[in-house]
Amino acid sequence: MGRSLQKPRGTQDILPSEQRYWFWVEDTWREIMLAAGFGRIITPTFEDTDLFVRGVGETTDIVSKEIYSFKDRSGNAIALRPEGTAGVVRSYIENGMHKEPQPVKLYYFGSMFRYDRPQAGRYREFYQAGVELLGELDPIVDAQIIAIVMKFYAKLGLKDLTVQINSIGDAKSRPKIHRALIDFLSAHRRSLCEDCKRRMAKNPLRVLDCKEKSCQSVVDEAGGVVLDNLNTESKNYFTKVLEYLDDMGVEYELNPRLVRGLDYYTHTVFEVMTKTGGLSVGAGGRYDGLVKLLGGPDTPAVGFAVGVERTIELVKTQGVNVPEPMRPNVFVVQLGDEAKKKAILVIDQLDKAGYQVAHALGRGSIKSQLRVADRLGTNLAVIIGEREVHSKSVIIRDLTDGAQESIIDRDMLRTVQRKLKERKNR
RNA sequence: GUGGACGUAGCUCAACGGCAGAGCUCUCGGUUGUGGUCCGAGCGGUUGUGGGUUCGAAUCCCAUCGUCCACCCCA
């Protein structure tokens with residue numbers, strides 16, 4: 001056994017046997033996104049640390065406690081991306097996408113990094129499938145993004161999901177909300193837990209998602225305080241979003257306590273979770289200030305990110321019928337040196353005819369080769385021994401019932417074709 | 001970052017101070033050139049790592065790395 005080589009904490013090897021789930025999520029995501037007119041974007045896995053400090057927020061846990069940052073060999077401060085939005089926005093600005101017709105619709109799929117204590121569904125390198133729509137401020141696009149991601153989860157075959165939604169107001173209403181919230185919380189300071197007292201000073205909005213039992217009654221009311229203090233514009237905007245969702249037939253749950261851990265959110269925030277158990281599988285919201293904050297023109301935007309590992313976990317626990325991996329449809333068995341040479345030609349012939357051909361040329365006995373064929377789930381075998389070399393023929397064996405016949409070489413392809421067709425029709 | 005549980009064969013686990021085992025997987029066999037089921041054999045471990053206690057440690061103690069769980073936070 002190897003001694004000390006093991007993967008770094010919180011990382012994962014995603015092995016071939018797992019890939020059917022990853023393909024399922026990735027392919028479904030791509031199909032939904034392309035159909036909805038989003039274009040794929042690939043941005044760097046690492047960026048200047050400053051991008052995340054400014055974009056995500058210096059005081060957020062993600063940046064202050066969880067970021068992977070280091071100096072590269074030139075002494076530049078570099079960070080592995082902890083989320084996808086900041087990089088996409090940077091790219092939007094840097095590539096002049098604000099000069100293109102708006103909105104600009106982008107999607108991505110990639111790994112993110114957070115230095116956090118690993119737990120179920122939580123890794124230090126994890127994958128997110130994300131979508132961003134930049135350059136349009138209209139409640140209908142918020143609703144559309146929500147509709148699209150719900151369509152994605154539905155197409156995956158997931159049940160029992162709901163989207164919770166809330167508004168935390170635009171930038172202009174933020175100071176008023178903060179003040180009102182702090183006033184309210186101060187008045188109930190005695191009944192708050194220690195964490196909440198700390199959060200109150202740092203980021204009062206975060207008090208809202210405190211799970212401490214003793215805080216519940218206060219926090220429930222605090223959610224109302226936020227909504228009551230939205231300015232008219234924000235209130236109207238939120239109302240419209242909900243109306244559009246109703247019109248589109250998208251079910252949602254209002255959650256006045258829903259807030260997000262990243263500083264850049266404004267207006268609508270939402271999170272997709274299981275109805276039973278409240279496992280979060282994705283989250284998003286509007287971020288109208290971020291493009292400007294990162295040095296671009298004042299540009300509204302809205303986005304969402306799917307937690308891929310958690311989504312796959314749900315796909316498994318819900319027993320979703322995921323497409324099976326492709327099986328080879330014909331297996332070539334060889335016996336003896338001459339036969340091996342002929343097998344190479346036969347394999348090439350079948351391959352060119354478009355079949356998925358499998359073989360085990362490194363094995364000697366028919367027995368072990370057929371075992372491999374069986375394990376691969378192949379239904380048809382072409383067997384070539386010395387006898388077949390001399391008689392210019394092959395044996396074609398149906399592995400489902402064991403029936404086999406000797407076929408002269410020039411009829412090989414036609415017979416394979418016929419046999420596979422018969423199988424399909426059965 | 002805090003608290004707790006746990007690391008034995010590729011996988012799932014047993015042995016709980018006295019010879020490190022089973023099932024599954026894998027490899028090879030079960031006469032002339034034929035898979036799945038069945039039968040047999042074989043491969044595979046300095047018991048995560050490093051110390052300590054002991055005549056003797058997988059077993060007890062300490063450290064360390066890792067996994068899981070609950071916090072924190074989040075996807």
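Within every chain, numbering begins at 1; the chains are lettered A, B, ... in the order of the sequence lines, protein sequences first and strands thereafter.
Taking the centre and axis of the six-membered ring of A/Tyr115, the NZ or CZ atom of A/Arg124 falls inside the cone set by 45° and 6.0 Å.
Here A/Asp116 lies in heavy-atom contact (under 4.0 Å) with a base. Using a 4.0 Å heavy-atom distance criterion, A/Arg117 is classed as a base contact. Nucleic acid contact for A/Gly364: none, since no nucleic acid atom lies under 4.0 Å from a heavy atom of the residue. Backbone-only contact: A/Arg260 has heavy atoms under 4.0 Å from sugar-phosphate atoms and none from a base.
Taking atom CG of residue A/Leu279 and atom P of nucleotide B/rA70, one finds them 11 Å apart after rounding to whole Å. Distance CD1 (A/Ile62) to P (B/rC72): 16 Å, rounded to an integer number of Å. Nucleotide B/rC72 holds its P atom 17 Å from the CZ atom of A/Arg114, rounded to whole Å. As a whole-Å value, the separation of A/Lys367 NZ from B/rG29 C1' is 6 Å. Taking atom CG of residue A/Leu15 and atom C1' of nucleotide B/rG10, one finds them 11 Å apart after rounding to whole Å. Here B/rG33 presents its P atom at 22 Å from CD of A/Glu405, a figure rounded to the nearest Å.
OP1 or OP2 of B/rA70 sits under 4.0 Å from a side-chain N or O of A/Gln119. Within the structure, every side-chain polar atom (N or O) of A/Arg371 is placed at least 4.0 Å from both OP1 and OP2 of B/rC26. Not one side-chain nitrogen or oxygen of A/Arg122 sits closer than 4.0 Å to the OP1 or OP2 atom of B/rC68. A/Arg375 has a side-chain polar atom (N or O) that falls below the 4.0 Å cut-off from OP1 or OP2 of B/rU27.
On the P atoms, B/rG48 is 15 Å away from B/rA15, given to the nearest whole Å. Atom P of B/rC71 sits at a distance of 26 Å from the matching atom of B/rU12, rounded to the whole Å. For B/rA57 and B/rU2, the C1' atoms lie 32 Å apart once the distance is rounded to whole Å. Here the separation of B/rC19 from B/rU31, taken at their C1' atoms, is 40 Å to the nearest Å. Across B/rU67 and B/rU8, the matching P atoms stand 14 Å from one another, rounded to whole Å. Of the P atoms belonging to B/rA22 and B/rG30, the separation is 25 Å, rounded to the nearest Å. Taking atom P on both B/rG51 and B/rA14, the two are 28 Å apart, rounded to the nearest angstrom.
Checked against the 6.0 Å centroid threshold, A/Phe126 and A/Phe113 do not count as a close aromatic pair.
Classified by interplanar angle (parallel below 30°, tilted 30° to 60°, perpendicular above 60°), the ring pair A/Trp29/A/Phe152 is perpendicular.
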